[in-house]
Amino acid sequence: MGDHFQTIVDLDARPEEARGLAERVVAWLVAEGIVLADRTDCVLGQPLGHPPGPNWRRAVSGQDADWEPWDGLAVYTRRTVFHGGQGEPTAVTCPRCRAATRLITDEWELIDEIWTPFDQAMILWHRTGEVTPVACPACAHEVPITDWSWEDDFYALGHLGLEFWNWPEFSDSFRSRVSEVLGGHRTALVWGKL
C-alpha cells in the first residue's frame, strides 16, 4: 500500500521570507483546527510534524471526508526540489509556447538528451540557488528552470513546502485559501507515494 503525500509548494516565496510565511500558514491551519500546534512524531523523513486537528475535514474534498488522515504536516523552509517520489517525470510543458515535451520513451525509459538539461539545471538550483534556463525543444526559447510545468505535478522548485502525509485529497478551495494566506502567491501541488 505505501505512504502517500501532498505537498503545497509556494512558487513565489523568496528564501528570506520562507520561514515567516510558514509560520503564518501554520498559525492559520492551527486556528482553523486543521492541524494541531504541538508537534509529534507523525511525518516521514522529519523528526516532528503537526498532527491532524479536529477540523481536518476543512482541507479535503467532500468525496474523501470519511477517510481520516493518520499522519501529519511537515514544513520545509529551505531551497528544495519537491518531487513525486516513485517513478520518473513523463513530460514537461514550456510556459512560453505551451508545448509538452515527453521525457520518457514508450518503454518508460528517460530520453537522456532531453532530460539531461532539466536534470542539470535542477541540481544546480538546488545546490546554489542559481536559476539556469533550459531551451524549449519545441520553440527554442530559453526558459528558467523554475518556470517549467511538470506533468502530474511531478516537480516543483521552491523555498517553502507544506508536506501532508497520508491525508485525503485536498479540495480546490483549501488550496486557494492557502494561497490567500501566503499573500496570493502561486502554488503547486506535488503528490506522490513512497
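For clarity, every value in this text was computed on a predicted model and none was experimentally measured.
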Got a sec, which residues hit side-chain hydrogen bond (donor to acceptor under 3.5 Å, both in side chains) with [X], two or more places apart in sequence or on another chain?
X    : result
E109 : none
R14  : E16
E180 : none
T80  : none

Given the rule that I, L, V, M, F, W and Y join up when any side-chain heavy atoms are under 4.5 Å apart, are [X] and [Y] in one cluster?
X    : Y    : result
V134 : L124 : no
L160 : V26  : yes
I8   : L157 : no
L73  : L48  : no
L36  : I34  : no

**Study point:** Minimum side-chain heavy-atom gap R96-V143 below 4.5 Å
**Key:** yes
Legend entry - Stepwise side-chain contact (heavy atoms from CB on, under 4.5 Å) check, D3 with W165: CA-CA 7 Å; D3 293 293; W165 282 92; 4.0 Å; yes
Between [X] and [Y], which heavy-atom pair has the shortest distance, and what is it?
X    : Y    : result
D71  : C42  : CB-O, 3.1 Å
L162 : V178 : CD1-CG1, 4.0 Å
P89  : L103 : O-CB, 3.8 Å
A156 : A188 : CB-CB, 4.0 Å
V43  : A74  : CG1-N, 3.7 Å

List in chain and number order the residues that pass side-chain contact (heavy atoms from CB on, under 4.5 Å) with [X], two or more places apart in sequence or in another chain; answer none if no residue qualifies.
X    : value
R127 : I123
P69  : P52, W56, W167, P168
A99  : C97, A138
S179 : T187

R102 meets the salt bridge (charged side-chain N to carboxylate O under 4.0 Å, His left out) criterion, sequence neighbours left out, with none
About how many Å separate [atom2] of [Y] and [atom1] of [X], when rounded to the nearest 0.5 Å?
X    : Y    : atom1 : atom2 : answer
E130 : I145 : CD    : CD1   : 12.0 Å
I114 : T105 : CD1   : OG1   : 10.5 Å
L110 : D119 : CG    : CG    : 8.5 Å
F164 : L189 : CZ    : CG    : 10.0 Å

The complete set of side chain to side chain donor-acceptor pair (under 3.5 Å) pairs with one or both residues in residues 27-54, sequence neighbours excluded, reads E32-R58, Q46-Y76
Side chain to side chain donor-acceptor pair (under 3.5 Å) pairs touching residues 132-161, sequence neighbours excluded, are T90-E151
side-chain contact (heavy atoms from CB on, under 4.5 Å) between F5 and L194, worked out
CA-CA 8 Å; F5 57 89; L194 297 180; 4.2 Å; yes
Looking only at atom types and distance, does a side-chain atom of R24 sit under 3.5 Å from a main-chain N or O of V181, one as donor and one as acceptor? yes
Whether the side chain of T7 engages the backbone of V9 through a donor-acceptor N/O pair (distance < 3.5 Å, no angle test) should be reported. no
task: May I ask you to check whether over 12 heavy atoms, not counting those of R19, lie within 6.0 Å of atom CZ?
output: no
So ring pair (Phe, Tyr, Trp, His ring centres under 6.0 Å) across residues 174-194, not counting sequence neighbours, yields F170-F174
| message | side-chain contact (heavy atoms from CB on, under 4.5 Å) for W125 and R79? Distances and angles first, verdict last. | response | CA-CA 8 Å; W125 180 84; R79 188 172 50 245; 3.2 Å; yes
Please walk me through it: do L182 and V25 pass side-chain contact (heavy atoms from CB on, under 4.5 Å)? CA-CA 7 Å; L182 290 169; V25 172; 3.3 Å; yes
